[in-house]
Amino acid sequence: MQRFLVAFFSLVSVLTAQGAPGDTHIAIETRKTALVIRVDKEQNPTIVHFGQRLSRPDEYAQIPGNGKRGEDYTGIYNSVYTPAGSRNLLEPAIQVTHADGNPSLDLRYVRHESKPAGEGVVLTTVYLKDPQYPFEVTLYYKAYQNEDVIEQWSTIRHTEKKNVTLHKYASANLYIPAQNYYLTHFHGDWANEMNPTEEPLTEGIKVLDSKLGTRADLFQPPSFLVALNQPAQEDQGEVMAGTLAWSGNYQIAFEVDPLHNLRMTAGINPYASAYTLAPGKEFVTPAFLFTYSNTGKGTASRSLHRWARKFRIPQGQGDRLTLLNNWEATFFDFNEEKLTGLFKDGKKLGVDLFLLDDGWFGNKYPRNNDKTALGDWQENVNKLPHGLGYLVKEAENAGIKFGIWLEPEMVSPKSELYEKHTDWVLKLPNRQEYYYRNQLVLDLTNPKVQDFVYGVVDNVMTKNPTIGYIKWDCNAVIYNAFSATNPNPSHLYVEYVQGLYKVVERLRAKYPTLPMMLCSGGGGRVDYGALRYFTEFWPSDNTDGLERVFIQWNYSYFYPSIATCNHVTDWGKQPIKFRTDVAMMGKMGYDIVVSKLDEKELQFSQEALKTYERIKNVIWQGDMFRLASPYTGDVASLMYVNEARDRAVWFTYLTKNRYKAGSVAPIRLQGLDPAKNYTVRELNVYPGARSAINNTTAYSGNYLMTVGFNPNVDARRTSVVLELTEAK
Ligand code: GLA
């Protein structure tokens, strides 16, 4: 504690350091990074530095504003939170109409403070105010010292005589001068998530956004990389990784300004979301999370992973359950007998839990396909005459836990819920209803609906307290965006997400350790807003082993393996070994018909699960290094190294099938201790196959990281998993 306080007070002295006469400098620092705000004599707050932390903090005062590129006509191109109207000429962070109709805002510095917010976390708060109106914006910067991650959000409040309209209300506004900017963003669709595009940013504005309402990142997730001066490299160069912690419509704008500096605003999408703020009420924006690295995107990813495990994801440093899911094995076609057979199969395979997927509910309109019954969360009496309680017990008798699929935010037009509560459904008056996957979305802005959705999970859990896992699905986007009960139609998108968070917050309070998977027809909803409540996420319905190498590769820029659910299924043409090796690079599960596995496949899978149990902590808690990219060569290769650097697990896959494609040369490893010696042993060797790896030689970390090692991946060995263990 004493050490902590000393560190904190030395930091406070930095924060009050004065620069040029009359200027105040506010340094938001982590171990390696600094974001520096300058306040001039007129109390204008601007960003003068974002990047590597300087060793002499007094020199922040020397940094020229705006990268000294020329004339900033307004003096606020680099505003810490750019207000719209008056003299601003560029993309604002905030745009409001005051109670008297004045459409402009000015924001001046009032004061700031810094205080510890837990071990290794410092919260800096900067208070801003309009000089003419009782209108305040407070900026919050939580600096995670050891993880080099900054979490930024803002609050907005006023005491004007009447309501104020907020047209835009970003979470963060950053200013980054460099010679060139390379933005990597991701796009996709169902079963094709997270395809990267890297492009130079030129003058003007590039916008990443979503207007989908619920599964907001189906087409484009709110996560990106910006590399400075050169395209993003894995191990060198300056790069920023950013992601908005919000499960709804977002807008991230990158503006290269007239001085060729990069301005970025990130927050809730202003689209159809003008927000009426009453006097005395506070609007809290979601958080924008970012990290800066001058040793490439590898470091940036590892920082986010460490932060997420320690500070964000429930049980991020804890355990997870392997499971057998029945979705692809049965789809909607099952009964008690079939399921109890599957429990035994799961036990035989060696997983911890059986997950019952879609199709178990609905009576008036049984859920035998995806057109009915969402909302009617009672067991279907034909399929499950003895109810869920019986299944839970049968699973437990078979020696595994029981988990269940729910899609609580949704309603089928053919359901009793829809018939009883049409005003709980998002739909437009005087318009045809449009369906996405044959369903509609419930109005989570309505507190009664929030109670209902909470009750869907709570009832299942109260009746069956030993249920060990919830898969929370969300298969529709918001069509027909209108609430019958919300007095502010343009609050819908914002209050939907706030309503969702209220529900899961309540659930987490009651069930703090229940594992919950965040699923959205595959990877339509993955963000650090929802991952505050969910232990893991489903990256994609596409479980083809080869496709997954790419999909998981791209998620790995932002999310740690412990939260990434990978299931072995029958998708694709890869052998079961390949699919299993790929699934191991995260939280492993199965969605196959165990009884259809031949003897060798079953034996391989059983042994793989035992191996996984032994190595899972290296994969989940270790540092991840992407060694060879499937986008540039014949193979994808990545490894995980534990904190003590005495164990590592290394995965390599053949991703191209040209003649002689393979790992033709040694691949240089990373993250090992150069002074330690390691033996290399092949894991997941298929029954009857012989490993091509000599496991008797001990190689130094120095050798493995300088010369490298060839895992011998080729057309006969399309995936290779190697374990490195310190030789003592
Ligand atoms: C979504 C999920 C699948 C499965 C189905 C069930 O598509 O991503 O895993 O649960 O819904 O309808």
- Stepwise, does the side chain to side chain contact (heavy atoms under 4.5 Å, CB included) test hold for Thr184 with Thr197? CA-CA 5 Å; Thr184 304; Thr197 299; over 6 Å; no

- Let me see the working for Glu396 and Thr466 under side chain to side chain donor-acceptor pair (under 3.5 Å), right down to the final yes or no. CA-CA 9 Å; Glu396 288 169 357; Thr466 58; 2.7 Å; yes

- Please walk me through it: do Leu507 and Tyr533 pass side chain to side chain contact (heavy atoms under 4.5 Å, CB included)? CA-CA 9 Å; Leu507 286 169; Tyr533 309 103; over 6 Å; no

- Please test Leu602 against Leu349 for side chain to side chain contact (heavy atoms under 4.5 Å, CB included), starting from the C-alpha separation and ending with a verdict. CA-CA 7 Å; Leu602 180 63; Leu349 189 61; 4.3 Å; yes

- Item | From CA spacing to verdict: side chain to side chain contact (heavy atoms under 4.5 Å, CB included), Leu440, Asn480 | CA-CA 9 Å; Leu440 290 158; Asn480 326 300; 3.3 Å; yes

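Remark: Gln220 CD to His185 NE2 distance equals 6.5 Å, nearest 0.5 Å. The structure places OG1 of Thr340 at 10.5 Å from CG of Asn397, a figure rounded to the nearest 0.5 Å. How far CG of Asn380 is from CG of Asn363: 5.0 Å, rounded to the nearest 0.5 Å. In this structure, Ser247 OG and Leu518 CG are separated by 7.0 Å, a value rounded to the nearest 0.5 Å. Once rounded to the nearest 0.5 Å, the distance linking CE of Met588 with CZ of Arg320 reads 15.5 Å. Note that CZ of Phe537 is 11.0 Å distant from SG of Cys519, once rounded to the nearest 0.5 Å.
Between the side chains of Thr652 and Trp650, at least one donor-acceptor pair of N or O atoms lies under 3.5 Å. No side-chain N or O of Trp246 forms a donor-acceptor pair with one of Asn249 less than 3.5 Å apart. No donor-acceptor contact under 3.5 angstrom links the side chains of Ser520 and Trp538, judged on distance only.
Of the possible donor and acceptor atoms, one in the side chain of Asp591 sits under 3.5 Å from a partner among the backbone N and O of Glu328. No side-chain donor-acceptor contact under 3.5 Å links Thr535 to the backbone of Pro314. In this structure a side-chain-to-backbone donor-acceptor pair under 3.5 Å is missing from Asp189 to Asn192. Side chain of Glu336 to backbone of Lys383: no donor-acceptor contact under 3.5 angstrom is found. With Asn642 contributing its side chain and Gly622 its backbone, the two residues share no donor-acceptor pair below 3.5 Å. The backbone N or O of Thr445 lies less than 3.5 Å from no partner atom in the side chain of Glu495, so there is not a single donor-acceptor pair. At least one donor-acceptor pair under 3.5 Å links the side chain of Arg215 to the backbone N or O of Gly521. The backbone N or O of Thr485 lies less than 3.5 Å from a partner atom in the side chain of Ser483, making a donor-acceptor pair.
At least one cation-pi condition fails for Lys401 and Phe354: the charged atom is not both under 6.0 angstrom from the six-membered ring centre and inside a 45 degree cone around its axis. For Arg508 and Trp472, the positive end is not near the middle of the six-membered ring at less than 6.0 Å and at most 45° from its axis.
Less than 6.0 angstrom separates the ring centroid of Phe332 from the ring centroid of Trp327. Between Tyr686 and Phe578, the gap from one ring centroid to the other reaches at least 6.0 Å. In this structure, the ring of Tyr469 has its center no less than 6.0 angstrom from the ring center of Phe402. Aromatic pair Tyr435/Tyr479: centroids not less than 6.0 angstrom apart. When ring centroids are compared, Tyr559 and Tyr528 come within the 6.0 Å threshold.
Ring planes of Tyr271 and Tyr493: tilted class, angle from 30 to 60°. Note: Phe651 and Tyr640 have perpendicular aromatic rings, judged against thresholds of 30 and 60 degrees for the angle between ring planes.
Nearest approach of Val713 to Val635, heavy atoms of both residues: CG1-CG1, 4.0 Å. Pro515 approaches Glu536 most closely through the heavy-atom pair CB-OE1, 4.2 Å. What you find for Ser719 and Asp581 is that their closest heavy atoms are OG-OD2, 2.6 Å. Contact detail for Ser540 and Ala191: the closest heavy-atom pair is OG-CA, 3.7 Å. When all heavy atoms are compared, the tightest approach of Phe550 to Asn554 is O-ND2, 2.9 Å. Pairing each heavy atom of Ala373 with each of Gly362, the nearest pair is CB-CA, 3.9 Å.
The salt bridge (charged side-chain N to carboxylate O under 4.0 Å, His left out) test with Arg367 is passed by exactly one of Asp358, Asp376, Asp333: Asp358. Partner of Phe186 under the ring-ring contact (aromatic ring centres under 6.0 Å, His included) criterion, out of Phe219, Phe558, Trp553: Phe558 alone.
Taking the side chain as every heavy atom from C-beta outward, Ser556 and Leu638 never approach each other to under 4.5 Å. Side-chain contact check for Asp458 versus Lys510: some heavy-atom pair is nearer than 4.5 Å. Contact of the Ile400 side chain with the Leu353 side chain is not registered, since no non-hydrogen atoms from C-beta on lie closer than 4.5 Å. The shortest side-chain heavy-atom distance between Asn475 and Glu407 falls under the 4.5 Å cut-off. At a threshold of 4.5 Å between non-hydrogen side-chain atoms, the residues Val649 and Val721 count as touching. By the 4.5 Å heavy-atom criterion applied to side chains, Ile576 and Val568 are counted as neighbours. Residues Lys344 and Val594 fail the side-chain proximity criterion, which asks for heavy atoms closer than 4.5 Å. Trp360 has its side chain out of reach of Asp357: every pair of non-hydrogen atoms, C-beta onward, lies at least 4.5 Å apart.
Taking 4.0 Å as the cut-off between side-chain N and carboxylate O, Lys573 and Asp544 do not count as a salt-bridged pair. Note on Arg437 versus Asp370: salt bridge recorded, some NZ/NE/NH1/NH2 to OD/OE distance being below 4.0 Å. Between Glu409 and Arg525 there is a salt bridge, since at least one side-chain N of the basic residue sits less than 4.0 Å from a carboxylate O of the acidic one. Salt-bridge formation is detected for the pair Asp623/Arg306: a Lys NZ or Arg NE/NH1/NH2 atom is positioned less than 4.0 Å from an Asp or Glu carboxylate oxygen. A salt bridge does not link Asp345 with Lys338: every distance from a Lys NZ or Arg NE/NH1/NH2 to an Asp or Glu carboxylate oxygen is 4.0 Å or more. Between Lys211 and Asp209 there is a salt bridge, since at least one side-chain N of the basic residue sits less than 4.0 Å from a carboxylate O of the acidic one. With respect to the salt-bridge test (charged N to carboxylate O, under 4.0 angstrom), the residues Lys364 and Glu416 do not qualify. For Asp319 and Lys616, the salt-bridge test passes: some basic side-chain N is under 4.0 Å from an acidic carboxylate O. A salt bridge links Glu723 with Arg614: at least one charged nitrogen is closer than 4.0 Å to a carboxylate oxygen. Note on Arg579 versus Asp570: salt bridge recorded, some NZ/NE/NH1/NH2 to OD/OE distance being below 4.0 Å.
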